[in-house]
Amino acid sequence: MRKHFKEKYPEYDVSANFYQGYMDLTFFTLTSKLTKQKDLKYIVVFKHDKMRFDVWLSGKNRNIMSGYHNKFSNYQLKNYILTADEKGMSSIIEATLVNDPNFDNLPELTKQIDTGVINFIQEIETQFLTSNQSMY
């Protein structure tokens, strides 16, 4: 998936590597010009225990994430989950992309994840990050 996004979407900075967590998740990050300006990033996550793919909006550090968490608490997020603003938070907003993925059909799985990530990015950026000012 990381390679797919790097090749298909040169307008995004895709992390050079992917991170394998403590066998609970694997992820890679991508940023747009807008999220980079605002010290935010998107994370494409595979949660091993739940066998699902998610996409998260996250921040450079705890203070950035807390500031945006406060901002997003004023919005109706519809299909997204606003995470708890607490120590150790990894994301601000989360969305499930694919539950119980079919690894026997990789082209279809790739398409589902691609579509979900791009829709998430477009919605977050057009509806919630349209201001040119950062939180700080």
Side-chain angles (χ1 to χ4, degrees):
M1 285 307 310
R2 187 193 65 76
K3 183 179 176 186
H4 167 81
F5 276 92
K6 192 165 188 67
E7 290 175 357
K8 186 172 179 183
Y9 300 103
E11 66 271 25
Y12 297 116
D13 287 332
V14 179
S15 59
N17 297 308
F18 66 93
Y19 173 79
Q20 290 181 293
Y22 299 103
M23 295 308 293
D24 58 341
L25 54 89
T26 302
F27 67 87
F28 66 92
T29 63
L30 58 146
T31 55
S32 66
K33 287 181 183 178
L34 181 60
T35 54
K36 194 176 285 191
Q37 291 170 354
K38 296 178 179 289
D39 290 328
L40 296 169
K41 59 188 169 186
Y42 300 105
I43 305 176
V44 180
V45 181
F46 178 67
K47 290 185 162 187
H48 298 256
D49 61 336
K50 298 184 180 191
M51 285 299 290
R52 77 174 194 222
F53 284 93
D54 288 355
V55 61
W56 299 349
L57 176 68
S58 188
K60 181 178 179 180
N61 59 44
R62 173 78 173 83
N63 288 336
I64 299 284
M65 293 188 342
S66 186
Y68 279 101
H69 184 279
N70 186 48
K71 176 181 178 174
F72 290 132
S73 68
N74 296 315
Y75 294 121
Q76 292 286 346
L77 296 174
K78 297 179 188 168
N79 300 322
Y80 305 135
I81 297 168
L82 183 67
T83 61
D85 185 9
E86 57 190 22
K87 184 177 180 177
M89 68 192 283
S90 299
S91 63
I92 305 162
I93 299 172
E94 297 182 1
T96 298
L97 298 171
V98 180
N99 278 310
D100 196 25
N102 180 0
F103 291 104
D104 292 330
N105 189 348
L106 291 180
E108 180 59 29
L109 179 57
T110 299
K111 182 179 175 184
Q112 288 175 297
I113 295 168
D114 180 307
T115 300
V117 169
I118 297 304
N119 287 344
F120 182 82
I121 289 171
Q122 289 173 346
E123 189 165 350
I124 294 296
E125 293 192 4
T126 60
Q127 294 188 23
F128 308 120
L129 297 178
T130 54
S131 166
N132 287 330
Q133 297 177 344
S134 70
M135 292 300 294
Y136 303 96

Apply side chain to side chain contact (heavy atoms under 4.5 Å, CB included) to Ser90 and list each qualifying residue two or more places apart in sequence or on a separate chain.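 Listed in chain order: Trp56.
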
Separation between [atom1] of [X] and [atom2] of [Y], rounded to the nearest 0.5 Å:
{"X": "Glu86", "Y": "Met65", "atom1": "CD", "atom2": "CE", "answer": "10.0 Å"}
{"X": "Leu34", "Y": "Leu40", "atom1": "CG", "atom2": "CG", "answer": "8.0 Å"}
{"X": "Asp54", "Y": "Leu97", "atom1": "CG", "atom2": "CG", "answer": "6.5 Å"}
{"X": "Phe120", "Y": "Leu57", "atom1": "CZ", "atom2": "CG", "answer": "5.5 Å"}
{"X": "Leu129", "Y": "Ile121", "atom1": "CG", "atom2": "CD1", "answer": "11.0 Å"}
{"X": "Asn74", "Y": "Lys71", "atom1": "CG", "atom2": "NZ", "answer": "10.0 Å"}

Flag side-chain contact, heavy atom, 4.5 Å: [X] against [Y]:
{"X": "Lys3", "Y": "Phe28", "answer": "no"}
{"X": "Tyr42", "Y": "Ser58", "answer": "no"}
{"X": "Gln122", "Y": "Gln127", "answer": "no"}
{"X": "Ile113", "Y": "Val44", "answer": "yes"}
{"X": "Asn70", "Y": "Ser73", "answer": "yes"}

Could you verify whether a donor N or O on one side chain and an acceptor N or O on the other, from Thr26 and His48, lie under 3.5 Å apart?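 Result is yes, a qualifying pair exists.
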
Between the side chains of Asp24 and Lys47, is the shortest nitrogen-to-carboxylate-oxygen separation below 4.0 Å, so that they form an ion pair?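 Looking at Lys47 and Asp24, the cut-off is not met.
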
Aromatic ring proximity, centroids under 6.0 angstrom, Tyr75 and Phe128: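 Under 6.0 Å, so yes.
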
For Phe72 and Tyr80, run ring pair (Phe, Tyr, Trp, His ring centres under 6.0 Å): C-alpha distance rounded to whole Å, both residues' side-chain angles, the deciding distance at 0.1 Å, then the answer. CA-CA 11 Å; Phe72 290 132; Tyr80 305 135; 9.7 Å; no

Yes or no on salt bridge (Lys or Arg N to Asp or Glu O under 4.0 Å) for Arg62 and Asp85, after CA distance, side-chain angles and deciding distance? CA-CA 9 Å; Arg62 173 78 173 83; Asp85 185 9; 2.8 Å; yes

Give a yes or no answer on whether the side chain of Asp114 reaches the backbone of Thr110 with a donor-acceptor pair at less than 3.5 Å. no

Kindly write out the residues that satisfy side chain to side chain donor-acceptor pair (under 3.5 Å) with Ser32, not counting sequence neighbours, or none if the list is empty.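 Only Thr35, Glu125 meet the side chain to side chain donor-acceptor pair (under 3.5 Å) criterion with Ser32.
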
With sequence neighbours left out, what residues match Tyr12 under side chain to side chain donor-acceptor pair (under 3.5 Å)? none

Hphob cluster co-occupancy, Val55 + Met51, side-chain heavy atoms under 4.5 angstrom: yes

